2 protein chains.
Amino acid sequence: MRQEKGNKISVRKEWTDYILSLQDTICRGLENEDGDTSFITDEWKRPGDGGGGRTRVISNGHVFEKGGVNTSVVYGKVTDIMRAQLHIDGDEWFAGGISLILHPENPFVPTVHANYRYFELYDDKGEIMDQWFGGGADLTPYYLFREDAIHFHQTIKNACDPFGQELYPRFKKWCDEYFVNKHRHNEARGIGGIFYDYLRTDEERDVKEWMNFSMSNGNAFLNAYLPIVHRRKKTEFNEEQKKWQEIRRGRYVEFNLIYDRGTLFGLKTDGRVESILVSMPPTVRFEYEYHPAEGSRESELETVLKNPVDWI
Amino acid sequence: MRQEKGNKISVRKEWTDYILSLQDTICRGLENEDGDTSFITDEWKRPGDGGGGRTRVISNGHVFEKGGVNTSVVYGKVTDIMRAQLHIDGDEWFAGGISLILHPENPFVPTVHANYRYFELYDDKGEIMDQWFGGGADLTPYYLFREDAIHFHQTIKNACDPFGQELYPRFKKWCDEYFVNKHRHNEARGIGGIFYDYLRTDEERDVKEWMNFSMSNGNAFLNAYLPIVHRRKKTEFNEEQKKWQEIRRGRYVEFNLIYDRGTLFGLKTDGRVESILVSMPPTVRFEYEYHPAEGSRESELETVLKNPVDWI
């Protein structure tokens, strides 16, 4: 499987085909589960000739109040802002990724986020200088169901394990460290999953192996999420529970706008605003000093968010 | 009025007394206009012995759905993060400020924000090395009423003019440049007001003069805002108009969490989270590709936000 250093092979074509096909599969799976509404598609192009994307948005469904499943396949000259923000050098770049986020209507159905992306960097002769994969998936419930948390993590672990038993624990930890509202005394955004970045050819795996790893994870997404949606989507809920969901969504907004590298980088480099911010929850609430009652299910969730759990 | 350089006089005591008294006055004025509810007060202390603050919050009033009028009077040793973020040197610092934001229930009543702050920096002998004032007030309507915009700006101009006719235009421009969502194709957060920072003793005015200038502005706040509230608070509104307000509030959230220096600095330096984020609107909506109908009152507002107006 290994490639020799200095003999880097581009996988952009293969990866691009994969994410477009995964987008179709995921949207179809989500539409089936929703049962009521379909994704609308917006295709967009970058100004000039640098690729574009396919934004798919669902709203006001039976299950999904709002969601986006987006692909973008973009390329161009390395700019000064990229040099500064990404600490990269080189002449041209390519980035292909799929990014999704789903905000269910029912507070007993968790919000989910996933993202799988690939980056190539070329020198002025068009040779690949650098290439890496990044990605992950994480779950943000409003009420904790241990079996759901275990199912989500176990499905992801199963997708990782064929590539090395050490990967799931390593990327699970990275996820717990990344999706954190530091200003909220290190409260996690959700109950985690995995997060990885800068996966380059190394002693053990080449970039093609990392692509297969990312594909394995992409393919596992629906299996990780849909059974949970299916189990919870008919749970009855009241106004107070909806309100709790909206308050927690506020924390989601805080994380995405204050810390999330992808969001901020996209906004600062003139990415397509509407595609980036489709991640924002549909309705959100911010209250001063809102604290759930001690011993309540809401407070049970908060405890877990302050003390990440090893679910498996 | 001028002080000589190298002979810097502290005004921290005078300024502290002023902002505490202004907080009382402003809260009383707002409570009278609301007619239904009162501010609650939370006093807090910085860990260790570095001062603290008085957070006052109003919620679910007749007029004000949520609002905060906060003072903080804090001091301590200059830390590394302050050196890096504020580009300051020195041994100890003092900061005293009042900061307020009001989110009315009725979409025809504008949101308002104001902030008046003072900073002193000392060397290791306790001598003042640097001192400056910052502040301003700006209005964020959901529907445009020219007479309201003119009244707000004129009242502020009248507060500035005694200190120099050039100040209002200069600080009005600064405000138009500061409160901007760059990622929204440079859409302004609202219709402006004034913004100023780093007002130090210079050839024309000493720091005491800038304090008087800030006091003049602080004293003008209720006059600038309350008549507008009074005129609009009984206007009937429907669900669609409320929804528009909530969508625009989303832009407010975006600005505060992505760009606002005070918010981000506070969050990154372990400020009191609940006091900082009391600025967040109570209910917010994020929709994909929401665009008001051409020629509508909503679209009239958008036009003004993309093209700042000289109201006077």
Side-chain angles (χ1 to χ4, degrees), chain A residues 39-42 44 55-60 65-68 70 101 103 181-187 242-243 246-247 249-260 263-291, chain B residues 39-42 44 55-60 65-68 70 101 103 181-187 242-243 246-247 249-260 263-291:
Chain A
F39 282 85
I40 57 145
T41 298
D42 274 345
W44 53 273
T55 295
R56 290 210 173 131
V57 178
I58 193 167
S59 40
N60 302 315
E65 197 174 334
K66 185 177 172 195
N70 305 339
I101 198 157
H103 293 288
N181 273 322
K182 294 189 191 72
H183 64 285
R184 294 278 184 191
H185 309 293
N186 292 317
E187 186 185 78
K242 185 71 188 172
K243 185 176 159 185
E246 291 181 337
I247 283 171
R249 282 173 172 176
R251 307 298 172 90
Y252 212 88
V253 168
E254 290 174 20
F255 179 83
N256 286 16
L257 297 184
I258 300 176
Y259 302 103
D260 189 59
T263 303
L264 295 175
F265 181 75
L267 295 178
K268 281 180 184 166
T269 53
D270 265 334
R272 185 173 182 264
V273 183
E274 291 290 339
S275 300
I276 298 165
L277 293 184
V278 73
S279 61
M280 294 290 105
T283 61
V284 185
R285 221 173 260 270
F286 295 95
E287 291 202 2
Y288 177 73
E289 287 279 22
Y290 184 94
H291 300 293
Chain B
F39 281 86
I40 56 145
T41 299
D42 274 345
W44 53 273
T55 294
R56 291 212 173 131
V57 178
I58 192 167
S59 40
N60 302 315
E65 197 174 334
K66 186 179 171 193
N70 304 339
I101 198 157
H103 293 288
N181 272 323
K182 295 189 190 72
H183 64 285
R184 294 278 183 191
H185 310 293
N186 292 317
E187 185 185 79
K242 185 70 188 171
K243 185 176 159 184
E246 292 181 337
I247 284 170
R249 283 173 172 177
R251 307 298 172 90
Y252 212 88
V253 169
E254 289 174 20
F255 179 82
N256 286 15
L257 297 185
I258 300 176
Y259 303 103
D260 189 59
T263 303
L264 296 175
F265 181 74
L267 295 179
K268 281 179 185 165
T269 52
D270 266 335
R272 185 173 182 263
V273 183
E274 292 291 339
S275 299
I276 298 165
L277 293 182
V278 72
S279 61
M280 295 290 105
T283 61
V284 185
R285 221 173 260 269
F286 294 96
E287 291 203 2
Y288 177 73
E289 287 279 23
Y290 184 93
H291 299 294

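Model, not experiment: these values are computed from the prediction. Letters go in sequence order (proteins before strands), and every chain restarts at 1.
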Tell me which of these, B/Lys268, B/Glu246, B/His185, B/His183, has more heavy-atom pairs under 4.5 Å with chain A than the rest.
B/His183
Return the CD to CD1 distance between B/Glu274 and B/Ile276, rounded to the nearest 0.5 Å.
10.0 Å
Electrostatic pair A/Glu289-B/Lys66, nearest N-O below 4.0 angstrom
no
Pick one of side chain, backbone, both or neither for A/Thr283, based on which atoms fall under 4.5 Å of a heavy atom in chain B.
both
Under 4.5 Å heavy-atom distance to chain B, tell me which part of A/Lys182 shows up: side chain, backbone, both or neither.
neither
Sidechain N-carboxylate O distance under 4.0 Å for B/Asp42, B/Arg272
yes
Side chain, backbone, both or neither: which part of A/Leu277 has a non-hydrogen atom closer than 4.5 Å to chain B?
side chain
Can you tell me how far apart CG (B/Leu267) and OH (A/Tyr259) are? Round to the nearest 0.5 Å.
6.0 Å
Can you tell me how far CG of B/Asn181 sits from CD1 of B/Ile258, rounded to the nearest 0.5 angstrom?
6.5 Å
What residue, out of B/Val278, B/Thr55, B/Asn256, B/Val57, has the most heavy-atom pairs lying under 4.5 Å from chain A?
B/Val57
Given a strict heavy-atom distance threshold of 4.5 Å, which part of A/Thr263 is in contact with chain B: side chain, backbone, both, or neither?
neither
Chain B heavy atoms under 4.5 Å from A/Ile40: which part of the residue, side chain, backbone, both or neither?
side chain
If you round to the nearest 0.5 Å, how far is CG of B/Asn70 from OG of B/Ser279?
9.0 Å
If you round to the nearest 0.5 Å, how far is CZ of A/Phe255 from CZ of A/Arg184?
14.0 Å
Given heavy-atom pairs under 4.5 angstrom as the criterion, report whether the side chain, backbone, both or neither of A/Glu254 touches chain B.
both
So, the part of A/Glu287 with a heavy atom under 4.5 Å from chain B: the answer is backbone
